[in-house]
Structure formats: structure tokens, C-alpha cells
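Values below: all heavy atoms of this structure, side chains included; hydrogens, waters and symmetry mates excluded. Throughout, protein chains are lettered first and strands after them, A, B, ... in sequence-line order, and every chain is numbered starting at 1.
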Amino acid sequence: MTDEPLLRVSALSKFYGSRVGCENVTFDLWPGEVLAVVGESGSGKTTLLNCLSTRLLPSSGTASYRMRDGLWRELYRMSEAERRFLMRTDWGFVHQNPADGLRMTVSAGANVGERLMAVGDRHYGRIRATAVDWLSRVEIDEDRIDDEPRAFSGGMRQRLQIARNLVTGPRLVFMDEPTGGLDVSVQARLLDLLRGLVTDLGLAAIVVTHDLAVARLLSQRMMVMKDGRVVESGLTDRVLDDPRAPYTQLLVSSILQV
Amino acid sequence: MNAQSTDIATYNFAYLDEQTKRMIRRAILKGIAIPGYQVPFASREMPMPYGWGTGGVQVTASIIGPDDVLKVIDQGADDTTNAVSIRAFFKKVAKVAVTTETAKASIIQTRHRIPEQPLSAGQVLVFQVPIPEPLRFLEPRETETRKMHALEEYGLMHVKLYEDIARHGRIATTYAYPVKVEGRYVMDPSPTPKFDNPKMHRSPALQLFGAGREKRIYAVPPFTDVVSLDFEDHPFEVQTFDQPCALCGAENVYLDEVILDDHGGHMFVCSDTDHCEKRRADGHHGHLAPETHSASEKMEPAE
């Protein structure tokens, strides 16, 4: 880890007309750190994530990112070409619904290889070897490499989406409810896998989730959002064990006990 | 303007009105200025259905002059319905000379072949294009494909080739094989067999592409680099044929399979009929060539 953050977000706001998407969000993200953004639906988590990943432009505020060469770039002042290049090399985006993040009509191998080809790899054998390697890292059998993701289960699709995003060795990954819609045993395996990968690769990640257990397992730090504003932030264990804001207390006490 | 006052319906020279021709010429000039870039244009209704070459006909109508000599081929042949009709059309509405000989033509409108005989400077090859967007089957959104062209994001094109190799062990795309023009735009060379792709590279002739239904025109100016996409370990290669043309004995040309009877009899003959005729007239013959020379009467363009 270095002594400089990877991402600096300052007073970020997004309004949809007179409605608030998210308002006045400020935080720093450090290399290798996983930040969870939690809150109920409509609290602005996904708006925030989309702004940070430049899929949406914010109404006001700034976000700067430290590029691989150590230079700080302001995200919303970069050209679209640069943003898209960043998006497919140094960043990853894991969608809640794998169909949004995968190409459902091309094989698993091509899904993993697409980013490599996009950055100019033109050697079939090498691309395929990398794809095989990544499929095994996300626990997909090698003999499924030529199957389309349509033939995969929900959990496999999500793991494939993760492999597809990580193949270029990104430093920052955005995840939008990565375990949403999966049954609990599959969720547990996916979380295990994600935890392993994040630690091994030293990834920084921003994980949006409404599931506090996911936040507890994956993240070191967390932000609680309500009506577009951050109501509480701090170390995950502190926020969950000793919630201070009334809304966080409500959220924590709402977890169903089995 | 050369209106034909004697006909019941009078047409402007080459069917299209002058405003339309100017509009199309502007699109063509822009296309030539940006090789491989798809220029949108206001495609007109033509007296033929989409898919029969409305784009090519509009391009030809816009560039043709009274002194031009027109050749039209359909899958390499001068004597199929599409070729015959379009030739007859321009003979009627532009009163231009028509030919089937590649060397004599100043404009060659083609559906899915490039003539075997190398083209020369000053000739114009007009392609009929059904789907101009090479990325279309991988990315259905037009807004997105335009952005991909603008930002030169062509990784997806290789995904298609990757899929080919993964499924068939080699690049199995045999027609509409994507090319990169002058190191910048990826272009669909229309559904020509990939056999013809090398002929586009640094061709001395001007190559124009018209897509009527999709309303796009693009161009490859003379002596422009046209490179077929491939992988380092799976380089681009053209089709090869086991046997020469059954009629003229030509090798290294593109052959069509022709069914002879219902007992499985078939032969492979040149797809370029003009090339085949010329070779037979020069005394070449393949193993199925008839003893008497019937080529000239058989291949007479039926107007």
C-alpha cells in the first residue's frame, strides 16, 4: 500500500430534476481497500456507483483517480475515449444481473478474452490460455470454456462476469449487489471467492449492497446511505457492532435472525 | 438535363433527380476523404426491392455520365437476373453503353465479387451492400457501434474471430470478412468471399459501397491499405480449390459449384463468367468443356 489514496471523491451530487439521487458524498478510497455502500433501496447507492464509474455524470462535485503512472486525473474531465479505456483496463464493473455484464451469445472463453483483445492482444493461443487460467480461478471447469453463458447457472454466470472483469488486472472494481439473486450456499461460495481474489490481487473495490452480511464479510470500511446522503461511515465492524446514527441502528436491528 | 420527352414517364438522366445525385455525391466524397467510414445518406426509394442493390444503383446513378461504359455482375456472373435487370435499367434511363468485359468497363457495379482480372486506374467498382456495419451481429445498438468506430474500439471484432477458432479450429468466416482500412476504420467489404479481400488492398480502382436500406455509403480510394483482421497464430488466408475450373481450366480463381443432374453430378466453374469466357476464347479448356465453342452464344447478355 502507498501513502496516497486511489480515488478521491469530493462533494459529489447527482440530481434527477428536483429529485436527489445522491448528495454531497465525500470519501477517499485507498489501494487494496474494500468499501461497502449500504442502505435501503432508493437510498442512492447505485446512483453513486454509476457516477463513480462514470456511467453517469454527476450534477456537481469531483472525483479524481490516481492512474497507474501516479498522476491524478479528474474523472469527469477526461475524454470519453479515456474513460472507456480506463473502464476496460484499470477498472472492472460487476453488475447485479450477469446478463448486463456478459455477452450472452459468445462463449465463456471469448467473454474472458474480450478485454485482452480490446487492449490489442492478437495471439489466439495466449488469449485462450489466459481464459483457461481465469476460469479455473473462478472455479469454472475448463471444459465449459466454449459454452455460452446462457447455458450457465446464475452463480456460474456471476463468477464468469468476475473473471471477465479481472483478466486485465484492474486496480479498482465496482460491484453492484454482486450476490443479489443467488441462493445462500452459492452466495457463500461467491463471497469466499471474492474475498480470496480481492486479497490475492490487492484490489480496491466499492461494493454496493443492501445485505449487511455481505458488507461485513467483504469490506473493511462502510458507508450507510439514506435518501441520497451518507448518514454514517466508518470501519465495518464498528458501524455494525456500534451503530450511532438512528437509521443505522434501525438497519442493523432489522437483520433477520435465523 | 437529358429528359426523354418521347417516353410516357420521363426520367431525369440516370433516373435520380439532380438534387439527389448531388446529395449522394457529397456522401461519396466524404466517404473517399475518410476511407472506410460509413457516411449516412438520404437513401431514396428505387424501382426495385431492398436487397436487390438499391444502394449500389443509387451510387452508380450518381457517378455515371453519358460516356461511361457499365458492367454489372451478380455473384461474378453477367447473365443472372439482378445483373441483367440493372444493366437494362441504366441502358434505359441513362442510355449508356454496357459491356460484360471487365477491361472495357469504366464503372462496374457488383454484387459480392471482385472481377478476377486486375482492375486498372480510372475504373470504379460499386458494391451493393446489405449490412454495412461489421459490428452489427455482435453489438445490436447503432449508437454503440458508432461510438466504437469513433473511439476505435475494435476488440469485439476479434471476439468474433476468436469464436470461429474456438468452434471450428480455424477462422471459418468465408465472406463479409472484416478488414481494416488505412489503419483506422474496420469495414465490412460487403458479402464478397474473403478470396477477394486481397484484391482490395492497394487496388488502383476506386471502390464505392452503397447500402440502400441501411442508408450508408463508404469508400476505399485507390491505393489504400485494406488489411484483413486475423490473429498472429491464425493468420488470414483465402480459400483454395482442389481442382481447376471445369470449363476453362483456370486455377487460383474463385469457383462456383454447379449441380449437373440429380445423381450427384456436379462441377466447379469460374464464378467470374467474363474471365471464364475470355480464357476459353483464348483456347484454354477444362475437363468438362464442350468441344465446340458454345460460350459466346450461351453468355450473350440477355437484355
Side-chain angles (χ1 to χ4, degrees), chain A residues 54-55 57 78-89 91-92 99-132 134-135 140 142-151 160 163-165 167-168, chain B residues 34 37 131 133-173 176-186 194 197 225-237:
Chain A
T54 69
R55 292 152 56 84
L57 285 184
M78 288 165 78
S79 71
E80 187 172 12
E82 290 173 305
R83 285 203 304 261
R84 285 172 70 119
F85 184 73
L86 197 63
M87 198 74 206
R88 59 173 196 262
T89 52
W91 289 4
D100 295 339
L102 292 173
R103 286 193 193 280
M104 297 304 276
T105 52
V106 303
S107 68
N111 263 293
V112 177
E114 181 177 344
R115 274 177 164 230
L116 296 172
M117 296 182 243
V119 294
D121 201 331
R122 295 287 177 265
H123 192 282
Y124 175 80
R126 243 185 351 244
I127 293 168
R128 193 153 173 99
T130 313
V132 168
W134 268 100
L135 289 181
I140 295 175
E142 191 184 329
D143 61 2
R144 301 301 298 271
I145 188 168
D146 292 330
D147 291 350
E148 292 178 5
R150 279 191 295 206
L160 178 63
R164 169 182 161 93
N165 272 287
V167 68
T168 46
Chain B
I34 318 172
Y37 170 72
I131 295 165
E133 179 52 71
L135 300 162
R136 178 59 66 240
F137 291 107
L138 298 149
E139 175 52 67
R141 290 166 294 178
E142 173 74 15
T143 48
E144 186 65 17
T145 52
R146 283 216 212 179
K147 203 165 268 176
M148 291 161 86
H149 281 295
L151 302 177
E152 228 181 319
E153 284 181 9
Y154 290 133
L156 199 53
M157 215 62 253
H158 275 86
V159 170
K160 184 177 187 300
L161 302 180
Y162 171 97
E163 284 288 274
D164 264 7
I165 303 173
R167 286 211 179 118
H168 309 287
R170 64 195 162 83
I171 299 178
T173 304
Y177 192 102
V179 293
K180 195 163 212 181
V181 182
E182 204 64 15
R184 176 60 180 84
Y185 282 96
V186 165
K194 68 177 173 184
N197 275 16
D225 286 344
V226 178
V227 180
S228 305
L229 301 182
D230 58 4
F231 283 103
E232 288 158 23
D233 46 349
H234 286 269
F236 172 80
E237 50 192 25

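For A/Thr168, the side-chain hydrogen bond (donor to acceptor under 3.5 Å, both in side chains) criterion is met by A/Arg115, not counting sequence neighbours.
The nearest pair of heavy atoms linking A/Arg103 to B/Leu156 is NE-CD1, 3.2 Å. Shown here for B/Val159 and A/Met117, the closest heavy-atom pair between the two residues is N-SD, 3.6 Å. The two residues A/Ser107 and B/Tyr162 come nearest to each other via the heavy atoms OG-CE2, 3.9 Å. Nearest heavy-atom pair, B/Glu163 versus A/Thr105, reported as atom, atom and distance to 0.1 Å: OE1-O, 4.3 Å.
A donor-acceptor pair under 3.5 Å links the side-chain atoms of B/Asp233 to the main chain of A/Tyr124, judged by distance alone.
Within a 6.0 Å radius of CZ in A/Phe85, other residues, nucleotides and ligands contribute 12 heavy atoms or fewer. Enclosure of atom CD in A/Glu142 is not indicated, since only 12 or fewer non-hydrogen atoms of other residues, nucleotides or ligands lie within 6.0 angstrom.
Residue contact with chain B, scored on non-hydrogen atoms closer than 4.5 Å, involves the side chain of A/Ile145 exclusively. In this structure, no portion of A/Glu82 lies under 4.5 Å from any heavy atom of chain B. Of the two parts of B/His234, only the side chain, counted from C-beta on, holds a non-hydrogen atom closer than 4.5 Å to a non-hydrogen atom of chain A.
Expressed to the nearest 0.5 Å, how far CD of B/Glu232 lies from CZ of A/Arg122 amounts to 9.0 Å. Here the CZ atom belonging to A/Arg88 is positioned 4.0 Å from the CD atom belonging to B/Glu153, to the nearest 0.5 angstrom.
Of the listed residues B/Glu139, B/Lys160, B/His158, the one with more heavy-atom pairs under 4.5 angstrom with chain A than any other is B/His158.
Within residues 140-147 of chain B, the residues having any heavy atom under 4.5 Å from a heavy atom of chain A are, by residue number, B/Glu144, B/Lys147.
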Fill in: B/Arg167/A/Glu148 under salt bridge (charged side-chain N to carboxylate O under 4.0 Å, His left out): CA gap, chis, key distance, verdict
CA-CA 11 Å; B/Arg167 286 211 179 118; A/Glu148 292 178 5; 3.3 Å; yes

